[in-house]
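Side-chain atoms are counted along with the backbone in the values below, which use heavy atoms only and exclude waters and symmetry mates. Each chain gets a letter, A, B and so on, in the order the sequences are listed, and its residues count up from 1. Everything quoted here is computed from the prediction, not taken from an experiment.
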Amino acid sequence: MFLVVALQAEAQPLITHFGLRCESPMGMFRIYRSESMALVVSGVGKSLSAAATGYLCGCSDGWRNAPWINIGIAGHRNVDVGELIVANKIVDQSTAHSWYPPQLVSNVVNSTLITVDKPEESYPERAAYDMEAAGFFPSATRCSTGELVQSIKVISDNPHQSIASLNARSIEQLITKNLSEIEQFINRLSELSIEIKVLPHNGSLPESWAKRWSFSVTQGHRLRRLLQRWKVLIGDGETLDSVLGACKDGAAVLTALEARLNAEKPTYRRSLLVGPRASSLPDVQSQ
Amino acid sequence: MIDTLYIEQAIATHPRVREIGLRFPSANQVMCERYGAVFNRKSQNFRLQKKNPSLILADKFDNHVLETPEGYGIGGRNNYYFAHMLNCIYDCRYCFLQGMYRSAHYVLFVNYDEFFSAMDAKLMAHDGEDVWFFSGYDCDSLALDPLTGFAEHLLSYLETRPHAMVELRTKSTQIRALLGQAPLSNVIVAFSLTPEPAAVALEHKAPSVAKRINAMTQLAQNGWRLGLRFDPLLDDVRFEEHYQSLFRDIFDRIDPACIHSITIGPFRMPGSFFSNVVRLYPDEPLLAGSFANRDGLITYPKEREAAMLAFCLDELRVHVSGDKIFSCAVDGRDTVRADTESINLGFRSSSH
Ligand code: SF4
């Protein structure tokens with residue numbers, strides 16, 4: 001889980017809530033981590049947000065297809081201060097370029113989010129206004145799939161409550177008030193990311209086996225798939241040893257695995273839910 | 001349920017867009033320039049999106065009707081296909097759409113009339129001849145019909161074009177538009193079928209085989225001509241038993257006289273699509289099975305494919321005369337029996 005946050009005041013409630021520790025106070029950007037989460041404080045503006053996203057990726061493992069979330073404050077023409085929104089469309093005002101983060105989590109109100117270069121105080125459109133999302137999104141989608149890359153913003157100002165009234169304390173309070181919803185959102189994205197987790201290169205090849213044979217990169221890809229197939233078709237029903245015991249090199253391992261797997265076929269069983277064949281024809285439901 | 005509706009700005013006031021918008025009053029409406037900005041974007045995951053697909057309403061500018069690959073058809077000379085939608089509400093694990101598209105969102109092209117104009121142009125080009133139009137290559141022809149109403153428009157168009165022959169390809173039981181009117185002799189309602197155990201395991205969210213057979217029965221009783229599509233054929237340790245049982249279930253209920261045509265196609269998918277699907281579902285038993293790569297096309301090994309086709313042809317010929325059966329195989333004649341019609345593999349993917 002990777003969080004990209006512009007201001008220290010926005011980050012602080014998250015750092016406290018998730019028990020993150022500062023990792024590199026002297027680095028290009030300040031990074032905070034726990035075992036399952038990393039947060040970078042980018043500074044204000046889309047260029048810094050894009051750079052900090054790349055920096056966090058470069059300093060981290062496990063970034064591929066992980067959730068990447070940009071959290072912060074934003075103004076909005078029609079939404080009350082203190083409400084949380086998620087961007088279903090991000091517009092870079094200076095280039096008119098748009099992105100559409102796919103929405104799979106429904107606990108947060110959706111809004112268009114326009115990234116501006118200077119604070120927006122007249123709110124011309126029915127949209128939220130921030131200064132980072134259009135830098136963050138294209139950068140983070142190089143690390144992960146778009147469904148897991150999201151910008152969520154707490155509304156901090158609107159036509160009735162000016163941006164000028166904001167200070168570090170009020171910003172911290174706005175984020176703190178929404179921590180539970182933010183956490184729910186984060187957890188849901190984490191669940192989704194587990195489903196598409198990228199497997200390690202050598203699949204589940206036991207370490208002793210990996211030492212015994214060497215595999216080129218291409219062979220490694222093939223091996224990974226063969227071991228996936230083994231898990232699906234044979235599982236624990238047979239040991240790898242019984243098939244690979246006599247193999248002299250990596251190529252022989254691949255050939256032996258493939259031959260064994262190709263002898264297997266899937267088995268589809270008649271569904272218990274459907275019941276016996278002849279008596280189960282229900283009425284058509286044409287809605 | 002649709003949570004997000006993407007709408008191309010230029011058609012925001014189109015009556016069909018308004019009507020569909022009203023059907024989802026609590027959906028978020030997001031305006032976009034062109035549907036491709038949402039649909040074709042990199043960094044999308046089909047599997048994740050399939051959990052909650054959005055609906056994209058778009059205008060199709062060109063290529064409304066396309067020529068099928070040479071030789072493809074069910075007996076006609078002039079063959080075209082079209083898709084008023086991209087993607088499908090069902091989630092079949094063998095579906096090539098999940099390997100072809102980055103996004104699982106549904107795209108509905110709302111300018112139906114332009115599809116019909118394009119069909120008219122093809123009819124003019126083949127003046128006086130029958131022209132076949134295959135619907136449902138990039139979607140299921142009927143599954144979302146209660147929302148799109150496309151079938152009703154298409155049927156009323158077809159009423160006055162006897163030379164326009166249309167195949168509606170479906171796994172759906174959404175047949176109300178068809179049952180609500182007199183049958184048309186230029187429409188074939190073609191149902192895709194796999195044995196029930198494979199359907200339960202692989203055709204997620206699709207109506208059961210029993211419900212499909214029931215829908216076919218109703219259509220046949222109302223005079224509609226039916227097609228049976230066993231494409232893809234799916235291998236399994238009890239392949240013969242399962243297909244025998246499927247054919248028996250069908251012909252116990254359906255009079256062979258109501259069958260216009262039967263097609264049989266072995267599982268096949270372009271290598272790049274197959275790799276994409278494996279990446280999405282590495283743990284899917286179907287995809288972990290034994291396949292061959294024949295000139296970039298992933299299929300069952302040649303001998304097995306030939307045996308599967310031969311078995312099904314023999315079994316089907318017990319029920320229906322050979323001239324109604326069309327079969328296809330990657331290597332053409334050497335695996336297709338001479339006593340049935342052979343069709344070009346045509347579309348390089350087995351198509352629901
Ligand atoms: S195979 Fe056909 S019915 Fe199944 S998901 Fe694909 S388009 Fe839909």
Side-chain angles (χ1 to χ4, degrees), chain A residues 65 88-89 96-100 102-106 109-112 138 140-149 192-193 195-196 198-199 224-226 228-234 258 261-275 277-278 280-287, chain B residues 3-4 6 28 30-33 37-38 41-45 47-49 51-52 54 103 105 146 173-176 179 195-198 200-202 207-211 213-215 217-218 234-239 242 245 248-249 252-253 278 280 282-290 301:
Chain A
N65 283 354
N88 56 15
K89 176 177 181 178
H97 199 99
S98 300
W99 297 267
Y100 302 87
Q103 294 306 306
L104 299 181
V105 180
S106 55
V109 171
N110 283 213
S111 171
T112 296
T141 48
R142 297 181 86 95
C143 310
S144 190
T145 182
E147 296 76 18
L148 301 179
V149 176
L192 291 171
S193 75
E195 210 165 305
I196 56 164
V198 178
L199 294 172
R224 183 173 69 166
R225 179 61 191 144
L226 288 168
Q228 280 173 347
R229 289 179 59 197
W230 182 282
K231 201 172 122 215
V232 174
L233 295 176
I234 299 173
E258 188 133 44
L261 287 164
N262 285 351
E264 289 290 319
K265 273 185 197 173
T267 315
Y268 305 117
R269 292 192 182 82
R270 188 162 287 282
S271 160
L272 295 174
L273 292 174
V274 175
R277 180 176 62 82
S280 64
L281 297 173
D283 289 339
V284 67
Q285 285 179 1
S286 175
Q287 294 142 26
Chain B
D3 288 332
T4 306
Y6 295 98
N28 293 296
V30 183
M31 294 296 152
C32 58
E33 279 294 310
V38 180
R41 189 75 88 184
K42 283 186 192 162
S43 295
Q44 302 196 71
N45 186 287
R47 176 172 176 167
L48 289 184
Q49 284 190 12
K51 290 177 176 299
N52 188 13
S54 303
S103 170
H105 294 331
T173 54
Q174 302 294 353
I175 53 174
R176 196 159 58 177
L179 295 180
E196 184 260 326
V200 168
L202 300 171
S208 67
V209 173
K211 284 186 179 175
I213 294 175
N214 214 14
T217 311
Q218 290 200 16
L234 296 169
D235 202 5
D236 156 26
V237 282
R238 288 155 68 194
F239 173 85
H242 286 161
S245 160
R248 215 170 36 226
D249 281 349
D252 278 355
R253 301 283 305 272
V278 166
L280 292 173
D283 296 336
E284 170 54 55
L286 165 78
L287 307 169
S290 167

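- Heavy atoms of B:Val30 lying under 4.5 Å from chain A belong exclusively to its side chain.
- Atom CZ of B:Arg41 and atom OG of A:Ser98 lie 8.0 Å apart (nearest 0.5 Å).
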### Message
Show, in sequence, the C-alpha distance, side-chain angles and deciding distance for B:Leu48 and A:Leu148, and conclude whether the side chain to side chain contact (heavy atoms under 4.5 Å, CB included) test is met.
### Response
CA-CA 9 Å; B:Leu48 289 184; A:Leu148 301 179; 4.1 Å; yes

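- B:Tyr6 touches chain A through its side chain: at least one heavy atom from C-beta onward sits under 4.5 Å away, while N, CA, C and O do not.
- The environment of CZ in A:Arg142 is sparse: at most 12 heavy-atom neighbours from other residues, nucleotides or ligands sit within 6.0 Å.
- The two atoms that bring B:Pro285 and A:Val232 nearest to each other are CA-CG1, 3.4 Å, heavy atoms only.
- Contact of A:Leu192 with chain B is made through backbone and side chain together, with heavy-atom distances under 4.5 Å.
- Of the listed residues B:Ala201, B:Ser103, B:Pro207, B:Cys32, the one with more heavy-atom pairs under 4.5 angstrom with chain A than any other is B:Cys32.
- B:Leu286 and A:Pro266 make their closest contact through CA-CG, 4.3 Å (heavy atoms, listed as atom of the first residue, atom of the second, distance).
- Ranked by heavy-atom pairs under 4.5 Å with chain B, the list A:Glu195, A:Glu264, A:Gln103, A:Lys89 is led by A:Glu195.
- Proximity of a side-chain donor or acceptor of B:Ser43 to a complementary backbone N or O of A:Thr141 within less than 3.5 Å is detected.
- Between chain A and the residues B:Asp3, B:Leu202, B:Thr217, the largest count of heavy-atom pairs under 4.5 Å involves B:Leu202.
- The main-chain N or O of B:Leu287 is never found under 3.5 Å from a side-chain atom of A:Arg229 such that the two would form a donor-acceptor pair.
- Proximity to chain A (any heavy atom under 4.5 Å) is restricted, for B:Thr4, to the side chain, taken from C-beta onward.
- Residue contact with chain B, scored on non-hydrogen atoms closer than 4.5 Å, involves the backbone and the side chain of A:Trp99 alike.
- Of the two parts of A:Ser111, neither the backbone nor the side chain holds a non-hydrogen atom closer than 4.5 Å to a non-hydrogen atom of chain B.
- Contact check for B:Pro195 versus A:Tyr268: no side-chain heavy atoms found under the 4.5 Å cut-off.
- Between the side chain of A:Glu147 and the main chain of B:Asn45, a donor-acceptor pair closer than 3.5 Å is present.
- Contact count versus chain A (heavy atoms, under 4.5 Å) is highest, among B:Ala37, B:Pro301, B:Ala288, for B:Ala288.
- Closest non-hydrogen pair, B:Gln49 versus A:Leu104, comes out as CA-CD2, 4.1 Å.
- Ranked by heavy-atom pairs shorter than 4.5 Å toward chain A, the options B:Asn52, B:Asp236, B:Val38 are led by B:Asp236.
- The two residues B:Pro282 and A:Arg225 have their closest heavy-atom pair at O-NH1, 3.0 Å.
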